[in-house]
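The structure appears right after this line, and notes come after that.
In what follows, chains are A, B, ... by sequence order, proteins preceding strands, each numbered from 1.
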Amino acid sequence: LVSWNAMLTAYSQNGLLSEARDLFDSMTVKDPVSWNILLTAYALDGQMEVAEDLFERMPVKDAATWNAMIGAYARNGELRKARALFDRMTQRNVISWTAMMTAYAEVGDLKEARRIFLEMPQRNVVSWNALVAAYVQKGLPDEAKKLFDMMPNHDVSSWTSMVAAYAQHGEIDQARALFDSMPNRNAVSWNTMIVAYAEDGNIDEAKRLFDKSPSRDIVSWNSMITAYASNGRLEEAKELFDEMERKNTVSWNAMIAAYSQNHRGRDAIRLFRTMDVEGVRPDEVTFAVALDACANLHLLRDGKIIHREIENKRLRLDKSLLGSALINLYGKCGHLENAREVYDSLGRKDVVALNSMIAAYGQNGHVDEALETFDSKDLEGIRPN
RNA sequence: UUUCAUAUCUAGCAGGC
């Protein structure tokens, strides 16, 4: 049974949800762990209804089951549901408390998150990290640092997230000082610092760290490609891309985006087309980047071909960026009927799709339709941003 | 083998500078 569960985990963690489901259904003996694995996989995939259904149908629930559900609600900002489960739970442990605290942090209620933290019977380094993160998320890096200093134990994540917090608030020197004082660093720590310099415009220092890093991984390479590209240093980006011995889909996406953002849409499409040849699997982002390249250059024909490929692959347009990428493409190309058709085909529209549609009308001088679309927001239940 | 936090790479609209 443990091996079966291990297989289930492997499928789930590699995004092979339907394979996981088939395996689960074929299992004659299941324990709560099997159920928990599948429940979590659905929750992380955003299929909360399925996760809830599994939760209800489980013959035996353990603490991990409850925690998984609370955590899923927390991540989705469903505070009330998280709280309801938490209150019903009899076997609460430090994980439940931390998940509950995150639920409050997620909806921006720092006071309550803090109260939960003080109330919890025990805390571990994860609970502390979660609280620090809540302060960082609220834009309070100095408060976060005070907590960081009060923590009884730090792990690499605690250190690295503090470095990232400073960097995100433009305090690059603080970030570096903290980075230099870390007792040990992993690949994420190094990459965090590399990206911090890159986003600060100090590409050469980023490259120095990249060269010096003992834990250079694919993310480091991808980060440097983006760093060069966003500073217009396309040739250096391409050199790194070609030098990479192992690339992943993100590497390709980054390089395609690099071309697109530097007004080399045709090269972007050309690179996109070589992915097939090299046997790399495009993902949603790949298509979105390619569509963006088409939109910027008004390459309607290429865009339509990609649109067809997306439909053939049965990629979902809603609940993803592809719908709005297509609306944007058609809008920029002046094909409002196509844009509208995509928009209408979206089951659930989000604020970005709505904005894309408004922009499409606006860019083509159709003010009335733009306003009309804006007014439909209430009907669609969208809060404008 | 499963549950909580956390930190690093690519992507869509709008807005700001």
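Across all strands shown, Val289(A) has heavy atoms under 4.0 Å from sugar-phosphate atoms exclusively, and none from any base. At the heavy-atom level, Ser223(A) lies under 4.0 Å from the strands shown only through sugar-phosphate atoms. Across all strands, Gln168(A) comes closer than 4.0 Å only to sugar-phosphate atoms, never to a base (heavy-atom distances). Ala64(A) comes within contact range of at least one nucleobase, with a heavy-atom separation under 4.0 Å. At the heavy-atom level, Glu106(A) lies nowhere under 4.0 Å from the strands shown. Within the 4.0 angstrom heavy-atom criterion, base atoms lie near Asn186(A). Residue-level contact check: Thr160(A) touches the bases, meaning some heavy atom is under 4.0 Å from a base atom. Residue contacts shown for Ser127(A) are absent, as no nucleic acid heavy atom lies under 4.0 Å away. Across all strands, Ser161(A) comes closer than 4.0 Å only to sugar-phosphate atoms, never to a base (heavy-atom distances).
The Thr98(A) side chain lies nearest to C4(B) when the options are U10(B), C4(B), A7(B). Nearest to the side-chain atoms of Val188(A) among the listed nucleotides C4(B), A7(B), C9(B) stands A7(B). In the set U2(B), U8(B), U3(B), the nucleotide with an atom closest to the side chain of Asn67(A) is U3(B).
When rounded to the nearest whole Å, the span between CZ of Phe86(A) and C1' of U3(B) equals 14 Å. Distance OH (Tyr197(A)) to C1' (U8(B)): 16 Å, rounded to an integer number of Å. At whole-Å resolution of the value, CD1 in Ile218(A) and C1' in C9(B) are 10 Å apart. Following rounding to the nearest Å, Leu1(A) (CG) and U1(B) (C1') show an atom-to-atom distance of 9 Å. Counting to the nearest Å, the P atom of U3(B) and the CG atom of Asn5(A) are 12 Å from each other. Atom-to-atom, NE2 of His154(A) to P of U6(B) comes out at 17 Å; the value is rounded to the nearest Å. Between the CD atom of Gln174(A) and the P atom of A7(B) there is a distance of 20 Å, rounded to whole Å. Distance, Arg185(A) CZ to U6(B) P: 24 Å, rounded to whole Å.
Scanning for salt bridge (charged side-chain N to carboxylate O under 4.0 Å, His left out) contacts around Lys332(A) gives an empty result, with sequence neighbours left out.
For Arg75(A), a side-chain nitrogen or oxygen approaches OP1 or OP2 of A5(B) to under 4.0 Å. OP1 or OP2 of A11(B) lies within a sub-4.0 Å distance of a side-chain N or O belonging to Gln261(A).
At a cut-off of 3.5 Å, with distance as the only test, a side-chain donor of Asn129(A) or Ser158(A) sits close to an acceptor on the other residue.
Here Lys138(A) does not pair with Glu143(A) in a salt bridge; the nearest charged N to carboxylate O distance is not below 4.0 Å. A salt bridge does not link Arg115(A) with Asp109(A): none of the charged nitrogens is closer than 4.0 Å to a carboxylate oxygen. The existence of a salt bridge linking Asp267(A) and Arg270(A) is confirmed by a sub-4.0 Å separation between a basic side-chain nitrogen and an acidic carboxylate oxygen. Remark: Arg340(A) does not engage Glu369(A) in a salt bridge, criterion side-chain N to carboxylate O under 4.0 Å.
Side chain of Asn124(A) to main chain of Val126(A): a donor-acceptor pair is present (N/O by atom type, distance under 3.5 Å, no hydrogens or angles).
Counting only heavy atoms from C-beta outward, the side chains of Met27(A) and Leu8(A) approach each other to under 4.5 Å.
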Enumerate all atom pairs, one protein N or O and one N or O from nucleotides 14-16 of chain B, separated by less than 3.5 Å.
residue: A14(B); atom: OP1; partner: Gln363(A); partner atom: NE2; Å: 3.3

